[in-house]
Amino acid sequence: MKPKVFIARKVPPEVEAYLEEHCDCSKWDQPKPIPRERLLESLGNAEGLLTSGGKIDAELLERAPLLRAVSTISVGYNNFDIEAMKARRILGTNTPGVLNETVADLIMALMLSTARRIAELDKYVKDGRWKRGDDEIFFGLDVHHKKLGIIGMGGIGEAVARRCRLGFGMEVLYHNRHRKPEAEAELQAEYRTLHQLLSESDFVVIMTPLTPETRGLIGQPEFDLMKRTAVFINASRGATVDESALIQALKNKQIYGAGLDVFEREPIEANHPLLTLPNVVTLPHIGSSTEHTRREMAMAAAKNLVLALQGHTPPNVVKELR
């Protein structure tokens, strides 16, 4: 018999067809997220769950007595209650790697938009404020041949470093839990302590996962170390940064600007102070938001789930649940 799987979000037709070939599927096929209680009601006989958010916690596991594997269509898995899943010996998988290049493209867009004030000046033109003789008030920062500092040199970090080094002639500095000899050889990337990186870099890009160690990693002491001309970019997880400290650093011109795709709470509130500042580019968490990448992520998650339910080890098992 095919294992029973619940698909907790709408997926592309080819992904659904793949799952139905290998599994007995039931699904939520509405564009809006599935309500929590509806999800819990749907897991009574599910052996596998395909999801992309929502807590996988003790309450959910209690309602899913047959569950053996959970596959999330995302790189992040901070919605997994690791201890609860370990207690039930439930395998968890994610989709790293598939979105590296797409997210790296977005980070470049944030760097360029913040440095050259693209969103601010787009509004300036559309508001009808552009007059002759305005030239100097449009000045921004150069990106080429500046120093890039990457905090978290994983696959996305390396993709950003490659673009910056080979495309923009930038020097690449990085801070990571482990040295990356390949990146050092290919891109002449130089390892720095966190404090060294912050004080030397013209562009600081944080790309760490959210863990107890990285929560609030960048706060007021870290912004104090940065150059007044520095641009700060976050496309990882909002909670890696103390938003109150970031707001003060931007208001006080301790740093030049920030480009943000993530926030402590999402969606960000309409009256949030960050949205009042002209030196911030704000995006609605769109790092992987292209049709091609999302389709590839969904298929990767589906393949992870099928392999897990067939008794094989998928390529993307969350390390804490191996």
Side-chain angles (χ1 to χ4, degrees), residues 8-12 28 30-36 51-55 72-79 94-96 98-127 151-152 156-157 159-160 203-210 214-216 218 231-247 249-250 255 257-298 301:
R9 58 157 293 165
K10 191 173 179 62
V11 296
W28 172 262
Q30 301 301 310
K32 62 181 180 180
I34 185 170
R36 171 77 171 183
T51 184
S52 65
K55 282 288 185 184
T72 182
I73 309 173
S74 64
V75 175
Y77 53 87
N78 45 297
N79 59 314
N94 61 341
T95 59
V98 180
L99 46 57
N100 288 358
E101 299 298 332
T102 297
V103 177
D105 285 350
L106 185 79
I107 290 170
M108 294 306 304
L110 282 170
M111 290 173 60
L112 290 163
S113 296
T114 307
R116 298 301 301 269
R117 302 166 56 199
I118 299 300
E120 178 189 357
L121 296 179
D122 171 74
K123 185 175 187 303
Y124 185 91
V125 173
K126 289 176 178 174
D127 286 348
I151 304 169
I156 297 171
V160 172
F203 292 83
V204 174
V205 177
I206 182 166
M207 282 310 305
T208 65
L210 181 61
T214 63
R215 184 177 293 274
I218 305 299
V231 170
F232 177 73
I233 304 294
N234 188 6
S236 55
R237 288 291 181 267
T240 59
V241 180
D242 179 341
E243 273 184 8
S244 297
L246 173 59
I247 290 165
L250 290 163
I255 61 174
L260 308 174
D261 187 42
V262 292
F263 304 89
E264 283 185 2
R265 294 185 62 183
E266 297 180 0
I268 190 170
E269 301 91 340
N271 62 349
H272 196 287
L274 278 172
L275 304 185
T276 68
L277 301 175
N279 53 343
V280 186
V281 175
T282 53
L283 297 178
H285 203 152
I286 59 168
S288 63
S289 293
T290 70
E291 182 179 353
H292 171 78
T293 297
R294 289 291 177 86
R295 186 170 61 247
E296 293 295 304
M297 290 172 67

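Worth knowing before you read on, the calculation uses all heavy atoms, side chains too, and leaves out hydrogens, waters and symmetry mates. What you are looking at is a predicted structure, and each value in this text was computed from that prediction instead of being measured.
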Exercise. So Ile73 and Val11, side chain to side chain contact (heavy atoms under 4.5 Å, CB included) or not? Walk me through it.
Worked result: CA-CA 10 Å; Ile73 309 173; Val11 296; 4.2 Å; yes

Problem set entry | Audit row: Ile107, Met207, side chain to side chain contact (heavy atoms under 4.5 Å, CB included) steps and yes/no | CA-CA 10 Å; Ile107 290 170; Met207 282 310 305; 3.5 Å; yes

Exercise. Checking Thr114 side chain against Val281 main chain: does a donor-acceptor pair fall under 3.5 Å?
Worked result: no

For this session: Spell out, as yes or no, whether a donor-acceptor pair under 3.5 Å connects the side chain of Glu266 to the backbone of His285.
Result: no

For this session: Without swapping roles, check the side chain of Asn100 against the backbone of Val103 for a donor-acceptor pair under 3.5 Å.
Result: no

Exercise. Do other residues, nucleotides or ligands put more than 12 heavy atoms under 6.0 Å from the CZ atom of Arg116?
Worked result: no

Exercise. Asp261 side chain to Ile286 main-chain N or O, any donor-acceptor pair under 3.5 Å?
Worked result: yes

Problem set entry | Heavy-atom side-chain proximity of Leu250 to Ile255 below 4.5 angstrom | yes

Exercise. Do other residues, nucleotides or ligands put more than 12 heavy atoms under 6.0 Å from the CZ atom of Arg215?
Worked result: no

For this session: Look up atom CG in Asn79 and atom OG1 in Thr51, then write down how far apart they are to the nearest 0.5 Å.
Result: 6.5 Å

Problem set entry | Heavy-atom side-chain contact between Leu99 and Met297 under 4.5 Å | yes

Exercise. Ignoring hydrogens and geometry, is there a side-chain-to-backbone donor-acceptor pair from Arg36 to Lys55 under 3.5 Å?
Worked result: yes

Seminar exercise, completed: Only residue of Leu274, Val241, Ile233, Leu283 satisfying side-chain contact (heavy atoms from CB on, under 4.5 Å) with Leu260 is Leu274

For this session: Determine, stepwise, if the pair Val205 / Met111 fulfils side chain to side chain contact (heavy atoms under 4.5 Å, CB included).
Result: CA-CA 9 Å; Val205 177; Met111 290 173 60; 4.3 Å; yes

Exercise. Are Arg294 and Ser289 linked by a side-chain donor-acceptor pair shorter than 3.5 Å?
Worked result: yes

